[in-house]
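Everything below concerns the one structure shown next.
Keep in mind that the numbers below use all heavy atoms, side chains included, and drop hydrogens, waters and symmetry copies. Here is the naming used below: chain letters follow the sequence lines, and residue numbers restart at 1 for every chain.
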Amino acid sequence: MKYWLIKSEPSVYSWDQLVADGRTLWDGVRNYQARNNLKAMSVDDIALYYHSNEGLAIVGTAKVVREAYPDPTIDDDTWVAVDIVPLSAFPEPVTLAKIKQEPTLQSMALLKQGRLSVVPVTSEEYECILALSKS
DNA sequence: GCCAACGTTGGC
DNA sequence: GCCAACGTTGGC
């Protein structure tokens, strides 16, 4: 079991939209590092769902239900997509500001590599964020 | 809306 | 193969 964090701009595809759809394909990744992270995902891995640009917070968790396959939105098998379903919505969104204040989370890939849209999360970081989401 | 960070492209 | 120029992302 691995943990990830995936970013989406709410104006493009929000958490609410994911919940409404029940399932979606995570496509459109055009960055090699992010692509490699997508490829490293396994079924049942959990991804924290982060709203970038607006919200600036992790709002819930999603589960990987299909491993990387060629991105159907582009005619180039360099790029891949995965399928995810919503798992649980956070009672309290965990904001970026909060993450920056938390000593345990200082080394998160989210902070180190701000521009990467798919980043790995350690189990320690995951547990910490989960705890913050309940406060 | 601005700007910093950083990945990618292309000329040499 | 290096590095400058450029484009994109995302926080503020």
Side-chain angles (χ1 to χ4, degrees):
Chain A
M1 163 78 75
K2 295 182 293 296
Y3 300 101
W4 308 92
L5 181 144
I6 56 179
K7 286 188 197 173
S8 182
E9 298 187 33
S11 58
V12 176
Y13 194 86
S14 68
W15 167 257
D16 287 343
Q17 188 65 47
L18 175 62
V19 172
D21 290 347
R23 171 174 179 148
T24 197
L25 68 159
W26 204 256
D27 59 14
V29 169
R30 299 290 183 267
N31 170 286
Y32 284 101
Q33 239 181 310
R35 195 262 330 245
N36 291 343
N37 287 334
L38 279 184
K39 282 190 171 179
M41 288 184 183
S42 311
V43 167
D44 287 340
D45 279 1
I46 292 175
L48 298 166
Y49 200 97
Y50 178 82
H51 277 170
S52 63
N53 283 318
E54 296 169 53
L56 302 184
I58 301 167
V59 292
T61 56
K63 193 170 77 163
V64 177
V65 291
R66 182 176 173 190
E67 287 172 27
Y69 57 95
D71 187 338
T73 64
I74 189 173
D75 183 24
D76 178 351
D77 57 14
T78 305
W79 307 111
V80 299
V82 298
D83 286 0
I84 59 169
V85 295
L87 193 59
S88 72
F90 282 176
E92 281 295 323
V94 179
T95 63
L96 183 64
K98 228 176 197 176
I99 290 168
K100 285 183 172 172
Q101 283 168 20
E102 192 63 35
T104 319
L105 303 176
Q106 288 308 302
S107 54
M108 270 191 89
L110 173 67
L111 300 181
K112 299 271 174 184
Q113 279 176 286
R115 291 182 59 231
L116 200 55
S117 58
V118 182
V119 292
V121 173
T122 67
S123 51
E124 289 79 16
E125 289 160 356
Y126 179 79
E127 294 301 331
C128 183
I129 285 162
L130 218 60
L132 288 174
S133 76
K134 289 164 186 161
S135 60

Note: A/Asp45-A/Lys63 ion pair, threshold 4.0 Å (strictly below): no

Between CD1 on residue A/Ile99 and CG on residue A/Leu132, distance to nearest 0.5 Å: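 Between A/Ile99 CD1 and A/Leu132 CG, I get 8.0 Å after rounding to 0.5 Å.
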
Residues A/Trp79, A/Tyr32; criterion ring pair (Phe, Tyr, Trp, His ring centres under 6.0 Å); working and verdict: CA-CA 8 Å; A/Trp79 307 111; A/Tyr32 284 101; 4.9 Å; yes

Side chains of [X] and [Y]: do they bring a donor and an acceptor to under 3.5 Å?
X        : Y        : answer
A/Asp16  : A/Ser14  : no
A/Tyr13  : A/Asp21  : yes
A/Lys112 : A/Ser107 : no

Range on DNA chain C touched by chain A, heavy atoms, distance below 4.0 Å: C/dG7 to C/dC12

Proximity to DNA chain C (any heavy atom under 4.0 Å), residues of residues 25-32 of chain A only: none

Minimum heavy-atom distance A/Arg23-A/Arg66, with the two atoms named: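 Closest heavy-atom pair between A/Arg23 and A/Arg66: NH2-CB, 4.1 Å.
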
Beyond-backbone contact of A/Leu110 with A/Lys7, side-chain heavy atoms, under 4.5 angstrom: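 A/Leu110 vs A/Lys7: side chains touch.
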
Difference in axis direction between the ends of the helix from B/dG1-C/dC12 to B/dC12-C/dG1, five pairs, 10°: 10°

Over 12 non-hydrogen atoms of neighbours within 6.0 angstrom of CG in A/Asp76: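 Atom CG in A/Asp76 is packed in, count exceeds 12.
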
Member of A/Trp4, A/Phe90, A/Trp15 meeting the ring pair (Phe, Tyr, Trp, His ring centres under 6.0 Å) criterion with A/Tyr49: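 Considering A/Trp4, A/Phe90, A/Trp15, a ring pair (Phe, Tyr, Trp, His ring centres under 6.0 Å) with A/Tyr49 is found only for A/Trp15.
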
